[in-house]
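Here the structure comes first, spelled out in structure tokens, and everything after it is commentary.
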Amino acid sequence: MAKSAILYGKRMISIISTYSLLPLVSSVLVFALGLFVWLKKPKEWLHILFFAYDFTIALWLFGTFMLFNAANSIDQLFWDRFIYVGVVFIPIFLYHFGLIYCGIEKKQQWPLAIGYMMAFIFLPLSQFSNNFVSGLYTYSWGVHSIAHRYHDLFLVYFFLYFILFFINLGIHYRHATGGHRTEVRYLLIGFGILDLIGPLGFLPAYGIPIYPVVFLSAIPFAVLLGYAIIRYNALNVKTITAEVMIFSLNALVLGQIFFSRSTTEVILRVLISVVVLVFSVILIHSVNNEIKRREEVTKLAQSLEQANLRLQEVDRQKTDFLSIASHQLRTPLSIANGYIELLHDGAYGKIPKQAKEILANMDESNGRLVKLVDEFLDITRIEQGRTKFDCKNLDMNDIIDSAVQELNDRANQKGLKIVWHRPTEPTMAEVDDDKIRHVVFNFIDNAIKYTDKGHVTVEVKAEDNGWSIMVRDHGFGFGKLDEANFFQKFYRGENVKGTNVTGTGIGLYVCRMFIEGHGGHVWAHSEGLGKGSEFGLWVPRIHKKDPKKEEPKPEKSNIILSRE
């Protein structure tokens with residue numbers, strides 16, 4: 001009998017020492033979570049109240065740990081009353097947190113003020129009045145003071161504000177949507193776990209022992225609530241978790257000092273604590289710097305995204321304006337061109353020779369304007385996805401012949417010669433006649449425009465199951481900057497600045513889009529200024545887009561294709 005009593009006593013001592021660590025571990029983790037969430041936004045009331053609420057829970061748990069390990073009844077009563085320093089503020093901090101979180105703080109000012117007043121009334125009562133708690137009730141794994149009538153009133157206040165909090169949060173959840181609704185759900189689950197299990201800790205005050213797992217209820221609450229605030233305020237959960245673990249490690253290492261058995265052991269543990277603390281500070285500092293860098297990168301990315309959207313909208317508006325303006329200009333220019341031709345041909349009577357020369361100049365100027373308007377119309381059709389490719393199996397030689405014959409007179413006027421090396425064999429390919437001719441004509445026309453002497457060479461050859469057409473001249477030439485940008489929209493080459501050669505910078509852009517619409521590509525190359533240049537294009541024999549070519553250009557992807 002005596003032996004079994006001794007064994008039972010040893011088992012109970014083991015249980016008490018084991019379970020007494022539960023509130024200490026919970027206290028450290030809860031306080032650490034509250035602290036780090038607050039430090040992320042220390043000026044926001046939501047984060048301040050979260051920390052205050054966590055701090056009061058940590059006081060409750062730490063006081064319970066000290067209560068379980070108190071040496072005598074006087075110390076036990078002291079620590080039991082110490083617990084209520086935090087507990088009396090738990091409901092009002094919780095309620096205040098809920099008001100700010102739900103955005104209804106101004107609507108419930110009176111209940112909030114009354115709650116704080118009641119907390120400050122119960123605080124001195126819990127510490128000095130025997131009508132709140134007094135005496136001790138001992139059970140198998142702990143001890144608790146005995147509750148009295150003021151404690152009953154305190155429980156009414158305690159549960160009243162818990163109920164009000166859940167009513168507010170429930171109403172807020174009903175109206176929440178999307179990710180915010182998920183966030184509120186985390187809060188409801190976390191508070192539900194704490195408020196279903198945590199208040200059971202009051203039962204020993206009424207002589208009802210409760211299993212000490214109640215002291216672990218604060219951990220899932222703090223984790224869920226901390227995760228919700230961190231996750232939905234764009235902070236790094238993994239980083240916060242690392243910081244919490246570092247803080248907890250330091251707290252546990254520091255706590256070992258109080259359990260030292262000799263001076264040497266105290267000194268050794270102090271040194272270990274200092275070393276761990278130093279490395280922890282360095283690590284946390286680097287973590288915080290990483291968070292700042294990530295936040296800066298995120299803000300920059302968001303700014304760039306917004307700027308890109310604005311630019312896309314501006315570009316769309318510009319395209320719409322060009323489309324409207326070009327259509328409005330095309331009609332009067334066509335009418336003017338018709339009347340000039342009628343006057344020149346004498347439809348309205350004979351005109352003098354000098355007037356014919358003037359009309360010829362007018363016709364030439366009007367032709368340039370018509371060409372410019374046509375280029376603008378080409379751009380708007382491309383960018384609005386209205387360009388249609390009518391591809392047929394044609395001989396590229398015939399297309400080049402047509403462009404060369406039309407430009408021969410212009411070349412002769414400048415003293416230039418177009419050398420066209422026509423292959424003896426047909427160069428068949430599925431292409432749009434008008435689009436390819438437009439590009440070849442533009443390349444040869446530019447070569448004539450930017451060449452003062454020598455000749456212009458046109459060549460076609462088979463390459464990579466397609467046809468390459470090259471136009472070479474002995475003109476201005478250009479540098480690497482021009483080579484990289486010639487086919488961009490509205491780009492004017494550096495090589496023609498200071499010359500009297502005019503241009504809009506859209507002709508080559510249209511050429512590029514026409515060739516890419518065939519699944520081909522264009523290029524420009526020069527050995528340098530004054531060393532001539534080469535402009536070329538490549539198109540496949542069969543009209544088929546290259547799947548490897550993924551240039552994110554909306555005007556390219558919207559082109560409509562057809563094949564005869």
**Prompt:** Are the side chain of N446 and the backbone of F441 linked by a donor-acceptor contact shorter than 3.5 Å?
**Reply:** no
**Asked** Is there a donor-acceptor pair under 3.5 Å between the side chain of N485 and the backbone N or O of L481?
**Response** yes
**Item:** Donor-acceptor side-chain pairing of R437 and S402 below 3.5 angstrom
**Value:** yes
**Message:** Any heavy-atom pair between the side chains of T427 and I400 that's under 4.5 Å?
**Reply:** no
**Message:** Keeping K453 on the side-chain end and L416 on the backbone end, is there a donor-acceptor pair under 3.5 Å?
**Reply:** no
**Asked** Are the side chains of D452 and F476 in touch, meaning some heavy atoms are under 4.5 Å apart?
**Response** yes
**Request:** Of all the heavy-atom pairs spanning I436 and M396, show the shortest one and how long it is.
**Result:** CG2-CE, 4.0 Å
**Asked** Does a side-chain heavy-atom distance below 4.5 Å link N308 with E305?
**Response** no
**Request:** State, to 0.1 Å, how close P423 and V460 come at their nearest heavy-atom pair, and which atoms those are.
**Result:** CG-CG1, 3.3 Å
**Prompt:** Quick one: does D473's side chain have a donor or acceptor within less than 3.5 Å of a partner on V456's backbone?
**Reply:** no
**Prompt:** Is any side-chain heavy atom of S468 closer than 4.5 Å to a side-chain heavy atom of L537?
**Reply:** no
**Item:** Pairwise distance CD(Q306) to CD(Q302) - rounded to 0.5 angstrom
**Value:** 7.0 Å
**Prompt:** Distance-only, no hydrogens or angles: does the H175 side chain make a donor-acceptor pair with backbone N or O of I171 under 3.5 Å?
**Reply:** yes
**Prompt:** Does a side chain donor of either H518 or E430 reach within less than 3.5 Å of an acceptor in the other side chain?
**Reply:** no
**Message:** Between M470 and K461, does the side chain to side chain contact (heavy atoms under 4.5 Å, CB included) criterion hold? Intermediate values first, please.
**Reply:** CA-CA 9 Å; M470 289 78 67; K461 62 179 180 179; 3.6 Å; yes
**Message:** Less than 4.5 Å apart, side chain to side chain, heavy atoms only: is that true for F97 and Y53?
**Reply:** no
**Message:** With side chain to side chain contact (heavy atoms under 4.5 Å, CB included) as the criterion, how do E459 and R472 come out once you've worked through the C-alpha distance, each side chain's angles and the decisive distance to 0.1 Å?
**Reply:** CA-CA 9 Å; E459 183 182 357; R472 302 185 182 93; 2.9 Å; yes
**Prompt:** Do R422 and D398 touch side chain to side chain, with heavy atoms closer than 4.5 Å?
**Reply:** yes
**Asked** Under the 3.5 angstrom rule, does the side chain of D432 hit a backbone N or O of D390 as a donor-acceptor pair?
**Response** yes
**Considering all heavy atoms, the nearest I418-A411 contact** = CG1-CB, 3.9 Å
**Request:** Kindly check if the number of other-residue, nucleotide or ligand heavy atoms within 6.0 Å of CH2 (W45) is above 12?
**Result:** no
**Item:** More than 12 heavy atoms from other groups under 6.0 Å of CD on E105
**Value:** yes
**Request:** Report yes or no: do N412 and N408 form a side-chain donor-acceptor pair below 3.5 Å?
**Result:** no
**Asked** Can any side-chain N or O of W538 pair as donor or acceptor with the backbone N or O of E463 at less than 3.5 Å?
**Response** yes
**Side-chain heavy-atom pair F31, F51 within 4.5 angstrom cut-off** = yes
**Prompt:** Will you find, in the side chains of W420 and D401, an N or O donor that is under 3.5 Å from an N or O acceptor?
**Reply:** yes
**pair E534-V471: side-chain heavy atoms closer than 4.5 Å** = no
**Asked** Taking the six-membered ring for Trp, is the centroid-to-centroid distance between F486 and F535 below 6.0 Å?
**Response** yes
**Message:** Between R541 (side chain only) and A429 (backbone N and O only), is there a donor and an acceptor less than 3.5 Å apart?
**Reply:** no
**Message:** I'd like to know if the side chain of S526 and the backbone of G477 have a donor-acceptor N/O pair within less than 3.5 Å.
**Reply:** no
**Item:** Minimum-distance pair of heavy atoms, taken over all atoms of A403 and I444
**Value:** CB-CD1, 4.4 Å
**Message:** Does K414, at its NZ atom, have more than 12 non-hydrogen atoms belonging to other residues, nucleotides or ligands within less than 6.0 Å?
**Reply:** yes
**Request:** Considering non-hydrogen atoms only, spot the tightest contact between V184 and A176 and give its length.
**Result:** CG2-CB, 4.4 Å
**Prompt:** Do R185's NZ or CZ and the ring of Y173 fall within the cation-pi criteria of under 6.0 Å and 45°?
**Reply:** no
**Message:** Using the rule given for side chain to side chain contact (heavy atoms under 4.5 Å, CB included), can you reason through Q488 versus L508, listing the C-alpha separation, both sets of side-chain angles and the distance that settles it, and then say yes or no?
**Reply:** CA-CA 8 Å; Q488 301 304 314; L508 291 178; over 6 Å; no
**Prompt:** Does the side chain to side chain contact (heavy atoms under 4.5 Å, CB included) test come out yes or no for F93 and F50, once each step is laid out?
**Reply:** CA-CA 8 Å; F93 284 158; F50 176 71; over 6 Å; no
**Message:** Measuring from atom CD1 of I100 to atom CG of L49, what distance do you get when rounded to the nearest 0.5 angstrom?
**Reply:** 4.5 Å
**Prompt:** Any sub-3.5 Å donor-acceptor pair from W467's side-chain atoms to M428's backbone N or O?
**Reply:** yes
**Message:** Testing the basics here: between F478 and S533, what is the closest heavy-atom pair and its distance to 0.1 Å?
**Reply:** CE2-CB, 3.3 Å
